[in-house]
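Structure first, then comments.
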Amino acid sequence: MSEQNQIPEVFLKPYDPSEHEKNIYKLWEDSGYFNPDNLPGERTEAFTIVMPPPNANGSLHAGHGLVFTIEDTMMRFERMRGKKALWLPGADHAGFETQVVYEKKLQKEGRSRFQMEPKELYDEIMEFTMSNKSFMENQIRELGASCDWSRSLFTLDERVIKTVYDTFKKLEDDELLYRGARTVNWCPKHQTSLSNLETVHDDRTSKFYYFQYGPFVIGTARPETKFGDKYVVMHPDDERYKEYEHGQEIELEWINGPITATIIKDEAGDPEMGSGVMTITPWHSGIDFEIAKRHNLDYEQIINWRGKLLPIADEFEGMPITEAREKIVQKLDEKGLLVKVDEKYEHSVPCCYKCNREIEPQIREQWFVNTKPLAEKALAAVENKDVTFVTERDERVFKHWMENIEDWNISRQVVWGISIPAKVCTKCGHGQVDLEDTITACEKCDGAMEPDPDTFDTWFSSGQWPLCTTGFPDSDDFTNYYPTSVMETGKDIIFFWVARMIMLGLYRTGEVPFKKVYLHGMVRDKKGLKMSKSKGNVTAPSEVQERFGTDALRMGLLVNNAPGSDMNLDPDKINAYKKFANKIWNITRFVLDNTTDYTPGAEHTAEDTAFEKEHLFPAIAEITEHMDKDRFDLAAEKVYHFVWDHFASIVIEESKPLLAGSAEERASRQRLLHDYLVTSLKLLHPFMPFVTETIWQELPEEMKDQDILMVASWPKVE
RNA sequence: GCGCGAUUAGCUCAGUUGGUAGAGCAGCGCAUUUACACUGCGAAGGUCGGGAGUUCAAGUCUCUCAUCGCGCACCA
């Protein structure tokens with residue numbers, strides 16, 4: 001018989017998360033167990049997650065809460081199962097995103113980036129980012145994230161830049177990179193080009209104008225671009241225009257006087273569309289540019305980088321496009337060239353995803369990655385199941401995009417980012433990668449080579465993140481942990497990030513960067529609306545944690561949230577899990593209170609042996625199975641019901657008379673209660689790490705297989 | 001235009017290979033020195049969007065219609 005113990009005093013009042021969470025995190029961090037090198041026992045199999053590095057430009061939102069909760073749950077589960085569990089944290093400088101945030105800040109202070117030296121701007125943003133970074137890292141700690149801070153990486157660290165530069169050079173060597181004048185998505189506000197993914201399409205109803213253009217009628221929604229239109233295009237088989245020959249010149253009256261136009265016969269002309277005749281503006285339309293290239297036509301810029309008309313527009317020079325549009329139409333009308341106006345032309349307009357201003361297609365010399373060869377390998381890897389998606393839906397979406405991929409513009413006219421290590425000819429525009437800074441003369445003409453002032457698209461470097469965090473090409477971590485186990489991130493960045501990581505990971509190493517992709521949906525408010533600052537329905541994780549505790553938030557984010565589907569965050573639901581944390585607390589109080597005289601290793605009665613076999617073991621098996629299938633929502637729900645409806649409502653209630661029974665019955669029940677408590681804490685730990693660890697620290701030594709629950713062994717079915 | 005989803009209790013959603021519906025919250029009725037009121041017990045609530053088909057059997061598989069949402073790419 002052990003001596004009579006008092007139960008720890010802490011259990012005499014309700015569980016108060018704020019009293020324990022900080023200390024518990026410190027206990028974990030100080031233990032060194034976040035680093036797999038320090039984990040107890042023999043561990044051979046690795047389990048690795050590369051954390052999606054949060055943008056170091058603000059505080060954490062509910063979506064972050066979900067990311068860190070799901071990933072931490074995976075990590076804790078696999079760590080308890082005896083794997084070499086490594087979670088690699090980081091922070092993202094988030095190029096354009098952060099610059100936009102910082103520009104807003106400048107604006108509030110009455111400043112502008114266009115009045116600053118690039119270096120000055122860069123340094124200021126660096127300072128801003130660094131202070132956000134440490135603030136954010138603390139928030140990640142508060143969520144309980146068991147990541148290895150000793151391996152933390154920032155996306156502007158030297159190691160990252162080295163990898164990115166090497167990839168850039170390798171792409172050039174393999175002829176997968178080119179610098180070319182192409183149509184780019186230009187944001188006149190932010191003064192940078194954007195990838196297709198960085199534009200949003202806005203459905204609009206606009207006016208559509210028909211003009212007399214010599215013998216033809218042409219239609220356009222954008223009269224302000226028409227100054228340079230001196231080619232008129234129609235389908236070669238269009239019977240209506242068979243009298244006109246390709247290359248034939250015609251004289252006609254146009255906006256600012258008579259011009260000579262040239263007939264171009266091209267398959268791009270759609271006979272079904274309007275009159276079947278169009279004029280083209282190669283500088284400000286991707287399609288027109290393609291036509292112009294095919295026929296080697298001239299092209300000229302009409303609208304400047306700020307969205308204003310150039311001298312070619314004569315009297316309209318300097319006008320912003322919206323103003324110019326009306327005036328040009330008026331002038332053409334006065335000249336009798338306006339045929340008709342369709343007031344209800346429905347189309348969608350590409351806009352900047354940050355400021356929603358209309359994108360102005362422009363021709364600009366940029367670096368492009370020839371993506372098709374990379375995409376083919378990525379598709380093959382998915383086909384071979386080298387990388388799998390948790391939901392089939394994601395796999396279909398991924399394939400569809402990959403099969404229709406276009407070349408990737410990786411140049412950005414943004415200060416905050418990794419500068420492009422290349423030289424550009426001031427005379428002919430030829431570009432060449434120059435890692436050593438040795439190129440001075442152009443190999444095509446003999447013009448001078450100047451450094452490219454642009455920076456990389458953030459996603460170009462982010463796409464290499466699994467390589468950088470594991471220390472590619474020659475570190476132990478790379479050998480031990482690449483390919484990583486799971487990439488868990490939001491489904492909104494499947495193309496931006498996941499696709500690029502797979503392509504670039506395969507490209508550099510020949511192996512996929514991760515074996516499995518788990519994509520979660522968006523976190524919405526309780527009514528299912530997207531959270532946004534302007535709607536005022538944003539729920540910050542920290543507020544919820546303060547009210548209900550971190551464990552309750554985590555459960556609220558996990559339960560009822562199937563992989564890939566959006567979820568609504570409802571405070572009432574989180575409150576239910578706050579109550580649950582207290583339930584576990586009181587279960588512990590009951591068990592400890594009734595086992596102060598317990599002798600470890602007491603014999604089970606036949607009834608209790610059978611009872612565990614019938615109830616405890618199947619629960620363990622079921623929960624483990626859900627975890628294996630990445631159904632954390634089902635696992636969390638099951639463990640909730642197991643603890644509340646079975647352990648508390650049945651086991652404890654039935655134990656009351658048995659504890660008052662014979663010595664054998666009492667001892668057997670005490671052992672059963674210990675088994676149940678220890679098992680429940682372990683099963684709950686991946687989901688609710690704080691309350692379970694807090695309790696664990698108060699348990700008598702003989703109940704534990706490890707001092708710290710985080711590294712205790714996952715329950716097995718005996 | 002191309003593609004992908006969704007439609008189940010008042011609300012938010014689960015429902016694994018087909019076997020006559022589940023959870024949380026809300027709501028209703030009871031209980032009150034109980035390990036725990038951050039509680040317990042009880043009851044109520046659904047022809048699983050409409051229609052057709054396959055099957056002994058369909059929320060689940062097939063087709064079709066309707067409504068909603070999302071993604072991608074676009075013109076003149």
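Residue numbers start from 1 in every chain, and the chains themselves are labelled A, B, ... in the order their sequence lines are given, proteins ahead of strands. What's counted below: heavy atoms across the whole structure, side chains too, no hydrogens, waters or symmetry copies.
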*Does B:A14 have OP1 or OP2 sitting under 4.0 Å from an N or O in the side chain of A:S565?*
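For B:A14, OP1 or OP2 has a side-chain N or O of A:S565 closer than 4.0 Å.
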_Below the 4.0 Å mark, does B:A35 have OP1 or OP2 next to a side-chain nitrogen or oxygen of A:K656?_
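So the side chain of A:K656 is within the cut-off, an N or O lying under 4.0 Å from OP1 or OP2 of B:A35.
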Take atom [atom1] in [N] and the same atom in [M], then report the distance between them in whole Å.
N     : M     : atom1 : value
B:A21 : B:G49 : P     : 15 Å
B:U8  : B:G50 : C1'   : 15 Å
B:U12 : B:U7  : P     : 12 Å
B:A31 : B:G18 : C1'   : 43 Å
B:C63 : B:A6  : P     : 14 Å
B:C41 : B:C48 : P     : 31 Å
B:G46 : B:G3  : C1'   : 33 Å
B:U47 : B:G59 : C1'   : 12 Å

Which is true for [X] with a 4.0 Å heavy-atom rule: it touches a base, it touches only sugar-phosphate, or it touches nothing?
X      : result
A:A552 : nothing
A:I218 : nothing
A:G564 : nothing
A:D570 : nothing
A:F548 : nothing
A:F495 : sugar-phosphate

Of the candidate nucleotides [options], which contains the atom at the shortest distance from the side chain of [X]?
X      : options             : result
A:H201 : B:A73, B:G3, B:G40  : B:A73
A:R589 : B:A35, B:C4, B:A76  : B:A35
A:W644 : B:G40, B:A73, B:A76 : B:G40
A:V397 : B:C36, B:C4, B:A76  : B:C4
A:F590 : B:A76, B:G71, B:A35 : B:A35

*Can you sort out the partners of A:N409 under side chain to side chain donor-acceptor pair (under 3.5 Å), two or more places apart, ordered by chain and number?*
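So A:N409 forms a side chain to side chain donor-acceptor pair (under 3.5 Å) with A:S193, A:Q366.
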*Of all residues at least two apart in sequence or in a different chain, which pass the side chain to side chain donor-acceptor pair (under 3.5 Å) check with A:K629?*
A:E625
For the backbone of [Y] and the side chain of [X], can you confirm whether one donor and one acceptor N or O come within less than 3.5 Å of each other?
X      : Y      : answer
A:K372 : A:I405 : yes
A:E198 : A:S195 : yes
A:Q212 : A:G214 : yes

Could you check how far [atom1] of [X] sits from [atom2] of [N], rounded to whole Å?
X      : N     : atom1 : atom2 : value
A:D566 : B:C4  : CG    : C1'   : 13 Å
A:M567 : B:A23 : CE    : C1'   : 14 Å
A:M522 : B:A6  : CE    : C1'   : 16 Å
A:K491 : B:A6  : NZ    : P     : 10 Å
A:I587 : B:C38 : CD1   : P     : 16 Å

*Which atom of A:I359 lies closest to which atom of A:C351, heavy atoms considered*: CG1-C, 3.6 Å
*Distance-minimising heavy-atom pair for A:V10 and A:W585*: O-CZ2, 3.4 Å
*Contiguous pairing runs of three or more, Watson-Crick or G-U under 3.5 Å, that involve RNA chain B*: B:1-7 with B:66-72, B:10-13 with B:22-25, B:28-31 with B:39-42, B:49-53 with B:61-65
*Quick one, which residues of residues 629-641 of chain A touch RNA chain B with a heavy atom under 4.0 Å?*
A:R631, A:L634, A:E637, A:H641
*Specify the residues of residues 573-582 of chain A, ordered by number, for which at least one heavy atom lies under 4.0 angstrom from an atom of RNA chain B.*
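Output list: A:A576, A:K578, A:K579, A:N582.
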*asked:* Does this structure show an ion pair linking A:D237 with A:K242, if we count only N-O contacts that are shorter than 4.0 Å?
replied: no
*Once you round to the nearest 0.5 Å, how far does CD of A:Q670 lie from CG of A:D675?*
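If we round to the nearest 0.5 Å, A:Q670:CD and A:D675:CG are 12.0 Å apart.
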_Whether A:F460 and A:W408 hold their rings parallel, tilted or perpendicular, with breakpoints at 30° and 60°_ =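 Rings of A:F460 and A:W408: perpendicular, as their planes differ by over 60°.
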Strictly under 6.0 Å, is that where the ring centroids of [X] and [Y] end up?
X      : Y      : value
A:F642 : A:F647 : no
A:F611 : A:H646 : yes
A:Y577 : A:Y640 : yes

*asked:* According to salt bridge (charged side-chain N to carboxylate O under 4.0 Å, His left out), does anything in residues 200-220 of chain A pair up with another residue at least two apart or in another chain? List the pairs.
replied: A:D202-A:R204, A:R204-A:E358
*Using the closest heavy atom to pick a nucleotide of RNA chain B for each, name whichever of A:L197 or A:G219 lands nearer the 5' end.*
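Whichever sits nearer the 5' end wins; that is A:L197.
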*RNA chain B: A:S285 or A:E653, which has the more 5' nearest nucleotide?*
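Per heavy-atom nearest nucleotide, the more 5' residue is A:E653.
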